[in-house]
S.K.: 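Can you read through this structure? Questions will come right after.
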Amino acid sequence: MKVVLINHSDSLGGASVVTFRLMEAMRGAGIDARMLVTHSTTGSPHVTVAASGIRRRIPFIKEHLRILAHNGLSRADLFKVSTATDGLPLSRHPLVREADAVILNWVNQGMLSLDEIALIAAAKPVVWVLHDMWNMTALCHHAGLCDRYTSHCHNCHLLHGAAGSHDLSYRTFDCKRRLYESAGITFVAVSSWLEEKARLSALTCRQHVEMIPNTFDASLFTSKPRCSREELGLPHDRKIILFCAARIDDPVKNLPLAVDALNLLADNHADDATAVFVGNIKNPAALSGLRFPYIHVPLISDAEIMRSYMAHTDVVLSTSHYESFGATLLEGQASGAVPVGLVHDGRADIIADGISGYAASPNAVSVAEAIDRAICRPIPADRLRHAAARFDYRNIAGRYIVLLKKLTGK
């Protein structure tokens, strides 16, 4: 069976990493799986760059010029909106034409248009993996507190100065509805939370939706760390609480909640731990109000070094407003660190309170209590690693192969 997985990159971003891992796992199971991307850094012979340079940028620029024209020329939240009006002609690409099935992943920002997806789906089975909420809404990748997607998107708050009853979100919602009703696409949610959101959306509630978690290689996080605490600049005699993100003060990551919770611990003389923040910071004052002992480390691109930080961690913390899955918590869990996080979203698949982590409510007192429990009553590392092994990439690839066999008859 020939399968092509389409994603904007083979390495940049969470969707890229898990898609590349899925491709490799499918190949290991005997499937001729390949990736089609617009950014590549892995050097894999099984990854093909569909377009580069200006050819790749043209659809991106055209789409955002269209959005500007429909939102009162406001640049506010411009890159939080995707319409898929423009994209590359991938239905004519040899890999797509020769494939028995196509797995779409994160294909926004000018990679694929809705019209092009319709052409691909008219020729062969298409599985579309839901890495966020964009397929269920008109424009946004996460709806937050907005529930208009459950009936019909309109009056979108991201269309500054141009929102209305029949605005760009209303029209894009209709375009997606027409595509879904005619294309016969199978959707795969990467978490139970996303599956629930898909059931609620007026766009996807009548579509075929399955839940298959993201792929994960737990064995990478169980080996002896390459770097010692001294080499990483970590204290010898303190517990480590790790908070990491590409940009730790990204509003979605909800850093202020983590700061407030750690300050509560500091005020209660919980001084046997150090918080380690790994990731870039846009606002230099983002950590200025933190009274808890902490270390800040800029974003780490070396995966081995990042795994060393994980291996020395006692608690891995996530206070995000929302996470589709929660890969950082899973990486910590596989390393033997206790995951602590909010569980109103995809993180609920990773954290079973008191069993495979500690769950918290979205307030500082609850988060502080969960961190304190994780430090004082750590969960055995073997149990944590066993929980992480549920997401083993070979098992996940097997579930995709079963689905593809059913769709293709091969």
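The first residue of the sequence shown is numbered 1, and numbering continues consecutively from there. Everything quoted here is computed from the prediction, not taken from an experiment.
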S.K.: Could you check whether atom NE2 of H386 has more than 12 heavy atoms from other residues, nucleotides or ligands sitting under 6.0 Å from it?
M.R.: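 No.
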S.K.: Just by modelled atom types, is the P225 backbone N or O under 3.5 Å from a matching donor or acceptor in the S308 side chain?
M.R.: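 Answer holds: no.
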S.K.: Determine, stepwise, if the pair V102 / I6 fulfils side-chain contact (heavy atoms from CB on, under 4.5 Å).
M.R.: CA-CA 7 Å; V102 173; I6 303 179; 3.8 Å; yes
S.K.: Are any side-chain N or O atoms of S366 and backbone N or O atoms of P362, one a donor and one an acceptor, separated by less than 3.5 Å?
M.R.: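 Checking the backbone N and O of P362 against the side chain of S366, no donor-acceptor pair under 3.5 Å is found.
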S.K.: May I ask you to say whether R199 pairs ionically with E195, meaning some side-chain N is under 4.0 Å from a carboxylate O?
M.R.: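 So R199 pairs with E195 through a salt bridge.
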S.K.: If you measure from the Lys or Arg side-chain nitrogens to the Asp or Glu carboxylate oxygens, is any gap between K197 and D345 under 4.0 Å?
M.R.: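 Salt bridge flag = no for D345 with K197.
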S.K.: Are any non-hydrogen side-chain atoms of N135 and L203 less than 4.5 angstrom apart?
M.R.: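 A side-chain contact is absent here, since even the closest heavy-atom pair is not under 4.5 Å.
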S.K.: What are the two closest non-hydrogen atoms of D353 and A359, and how far apart are they?
M.R.: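 Result for this residue pair: OD1-N, 2.8 Å.
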S.K.: Going through the checks in order, is the side-chain contact (heavy atoms from CB on, under 4.5 Å) test met by N71 and L168?
M.R.: CA-CA 8 Å; N71 71 350; L168 182 62; over 6 Å; no
S.K.: Please determine whether side-chain hydrogen bond (donor to acceptor under 3.5 Å, both in side chains) holds for the pair N105 and T19, giving the CA-CA distance in whole Å, both sets of side-chain angles, and the decisive distance to 0.1 Å.
M.R.: CA-CA 7 Å; N105 288 272; T19 303; 3.2 Å; yes
S.K.: So does D77 pair up with K80, basic N to acidic O under 4.0 Å?
M.R.: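 So D77 pairs with K80 through a salt bridge.
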S.K.: Donor-acceptor pair, H154 side chain versus R171 backbone, under 3.5 Å?
M.R.: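 Not confirmed, H154 side chain does not pair with R171 backbone.
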S.K.: Hey, does V49 have a side-chain heavy atom less than 4.5 Å from the side chain of V37?
M.R.: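 Yes, close enough: below the 4.5 Å cut-off.
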S.K.: Is there a donor in the side chain of R347 and an acceptor in the side chain of S318, or the other way round, less than 3.5 Å apart?
M.R.: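 Note: R347 and S318 side chains meet the donor-acceptor criterion.
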S.K.: Step through the shown structure and confirm whether more than 12 heavy atoms of other residues, nucleotides or ligands are within 6.0 Å of CZ on R383.
M.R.: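 Count over threshold, so yes.
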S.K.: I need the C153 SG to D147 CG distance, nearest 0.5 Å.
M.R.: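 It is 10.0 Å, given to the nearest 0.5 Å.
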S.K.: Find out whether M310 and L242 are in side-chain contact, i.e. whether some heavy atom of one side chain is under 4.5 Å from a heavy atom of the other.
M.R.: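 A side-chain contact under 4.5 Å exists here.
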S.K.: Parallel, tilted or perpendicular: which fits the ring planes of F79 and F60, with parallel below 30° and perpendicular above 60°?
M.R.: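 Ring orientation of F79 relative to F60: parallel.
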S.K.: Would E24 and T215 count as a side-chain contact (heavy atoms from CB on, under 4.5 Å) if you check the C-alpha gap in whole Å, the side-chain angles of each, and the deciding distance to 0.1 Å?
M.R.: CA-CA 10 Å; E24 290 194 310; T215 55; over 6 Å; no
S.K.: Closest heavy-atom contact between G357 and I379?
M.R.: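 Distance-wise, the nearest heavy atoms are N-CD1, 3.3 Å.
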S.K.: Drop me the distance from I240's CD1 to H312's NE2, to the nearest 0.5 angstrom.
M.R.: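 If we round to the nearest 0.5 Å, I240:CD1 and H312:NE2 are 9.5 Å apart.
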S.K.: Check whether any side-chain heavy atom of I103 sits under 4.5 Å from a side-chain heavy atom of N7, and report yes or no.
M.R.: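 No. Closest side-chain heavy atoms not under 4.5 Å.
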S.K.: With side chains defined as the heavy atoms from C-beta onward, is the minimum distance between D349 and W193 less than 4.5 Å?
M.R.: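 No, side chains not in contact.
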S.K.: If you compare all heavy atoms of K410 against all heavy atoms of M1, which two are closest, and at what distance to 0.1 Å?
M.R.: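 Closest pair (atom of K410, atom of M1, distance): O-CE, 4.0 Å.
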S.K.: So, the side chain of N263 versus the backbone of G289: is there a donor-acceptor pair under 3.5 Å, distance only?
M.R.: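 Checking the backbone N and O of G289 against the side chain of N263, a donor-acceptor pair under 3.5 Å is found.
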S.K.: Could you give the distance from CD1 (I67) to OG (S74), rounded to the nearest 0.5 Å?
M.R.: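 These two atoms lie 11.5 Å from each other.
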S.K.: Restricting to non-hydrogen atoms, name the atom on L88 and the atom on R55 that form the minimum distance, rounded to 0.1 Å.
M.R.: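 Looking at all heavy atoms of both residues, the closest pair is CD2-O, 3.7 Å.
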S.K.: State, yes or no, whether a side-chain contact exists between L262 and F243 at a heavy-atom distance under 4.5 Å.
M.R.: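 Answer no - side chains too far apart.
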S.K.: Could you grab the distance from atom OG of S201 to atom OH of Y180, nearest 0.5 Å is fine?
M.R.: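 One gets 7.5 Å once the value is rounded to the nearest 0.5 Å.
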S.K.: Counting only N and O atoms by type, is there a donor-acceptor contact under 3.5 Å from the side chain of R373 to the main-chain atoms of A370?
M.R.: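 The answer is no, because no donor-acceptor pair under 3.5 Å joins these two groups.
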S.K.: Would a 4.5 Å heavy-atom cut-off, applied to side chains only, mark R92 and L119 as touching?
M.R.: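 Counting from C-beta outward, R92 and L119 never come under 4.5 Å.
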S.K.: Mind telling me whether W128 and W134 have parallel, tilted or perpendicular rings, with 30° and 60° as the class edges?
M.R.: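 Correct class here is tilted.
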S.K.: Between F325 and F216, is the gap from one ring center to the other below 6.0 Å?
M.R.: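 No, ring centres 6.0 Å or more apart.
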S.K.: How long is the straight-line distance from CG of D86 back to CG of L112, given to the nearest 0.5 Å?
M.R.: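 L112 CG to D86 CG: 11.5 Å, rounded to 0.5 Å.
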S.K.: Please determine, by modelled atom types, if D10 and S40 share a side-chain donor-acceptor pair under 3.5 angstrom.
M.R.: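 Yes, S40 and D10 have a side-chain donor paired with an acceptor closer than 3.5 Å.
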S.K.: Does the pair D272/R238 count as a salt bridge with the N-to-O cut at 4.0 Å?
M.R.: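 Answer for the salt bridge query: no.
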S.K.: Give a yes or no on whether the backbone of S91 and the side-chain of R97 come within a donor-acceptor separation of less than 3.5 Å.
M.R.: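 Answer holds: no.
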S.K.: Consider only side-chain N and O atoms of T319 and N254, and report whether a donor and an acceptor are under 3.5 Å apart.
M.R.: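 Note: T319 and N254 side chains miss the donor-acceptor criterion.
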S.K.: Does one side chain, of H152 or D174, offer a donor that lies under 3.5 Å from an acceptor on the other?
M.R.: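 Checked: H152/D174 side chains pair up, N/O donor to acceptor below 3.5 Å.
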S.K.: Would you say the side-chain atoms of K282 pair up with the backbone N or O of D249, donor to acceptor, closer than 3.5 Å?
M.R.: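 Side chain of K282 to backbone of D249, a donor-acceptor pair under 3.5 Å: no, none is there.
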S.K.: Please check if atom NZ in K124 has more than 12 non-hydrogen atoms from other residues, nucleotides or ligands closer than 6.0 Å.
M.R.: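 Yes - once you tally the heavy atoms of other residues, nucleotides and ligands closer than 6.0 Å, there are more than 12.
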S.K.: Counting distance only, does the side-chain N/O of S82 pair as donor-acceptor with the main-chain N or O of A84 below 3.5 Å?
M.R.: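 Pair absent, no side-chain N/O of S82 close to backbone of A84.
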S.K.: Could you check whether E210 pairs with K406 (Lys NZ or Arg NE/NH1/NH2 to Asp/Glu carboxylate O, under 4.0 Å)?
M.R.: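 Salt bridge flag = yes for K406 with E210.
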S.K.: Can a donor-acceptor pair be found between the side chains of S361 and N363 at a distance below 3.5 Å?
M.R.: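 Not at all, the side chains of S361 and N363 share no donor-acceptor pair under 3.5 Å.
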S.K.: Please check: side-chain N/O of T38 versus main-chain N/O of H8, any donor-acceptor pairing under 3.5 Å?
M.R.: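 Yes, T38 side chain to H8 backbone: donor-acceptor pair under 3.5 Å.
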S.K.: Evaluate the side-chain proximity of M211 to L194: yes if any heavy-atom separation is below 4.5 Å, no if none is.
M.R.: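 They are not in contact (no side-chain heavy atoms under 4.5 Å apart), so the answer is no.
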S.K.: Could you measure the distance from the CZ atom of F20 to the OG1 atom of T41? Nearest 0.5 Å is fine.
M.R.: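 So the CZ of F20 and the OG1 of T41 are separated by 8.5 Å.
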S.K.: Pair V278, M306 - check side-chain contact (heavy atoms from CB on, under 4.5 Å), show working.
M.R.: CA-CA 9 Å; V278 176; M306 190 64 238; 3.9 Å; yes
S.K.: Going by side chain to side chain contact (heavy atoms under 4.5 Å, CB included), I241 matches just one of V316, I371, T274. Which one?
M.R.: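 Testing I241 for a side chain to side chain contact (heavy atoms under 4.5 Å, CB included) against V316, I371, T274 leaves exactly one candidate, I371.
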S.K.: Ignoring hydrogens and geometry, is there a side-chain-to-backbone donor-acceptor pair from R27 to A33 under 3.5 Å?
M.R.: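 A pair under 3.5 Å: yes.
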S.K.: Just one of K253, H142, H344 clears the side-chain hydrogen bond (donor to acceptor under 3.5 Å, both in side chains) bar with E323, so which one?
M.R.: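 By the side-chain hydrogen bond (donor to acceptor under 3.5 Å, both in side chains) criterion, E323 pairs with just one of K253, H142, H344: K253.
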S.K.: Can you name the nearest heavy-atom pair linking S191 to S324, along with the distance?
M.R.: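 Distance-wise, the nearest heavy atoms are OG-O, 2.7 Å.
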S.K.: Can you name the residues that form a ring pair (Phe, Tyr, Trp, His ring centres under 6.0 Å) with Y358, not counting sequence neighbours?
M.R.: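 With sequence neighbours excluded, Y358 shows a ring pair (Phe, Tyr, Trp, His ring centres under 6.0 Å) to no residue whatsoever.
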S.K.: Check P235 against I295 and note the closest heavy-atom contact, atom names and distance.
M.R.: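 Looks like CD-CD1, 3.9 Å.
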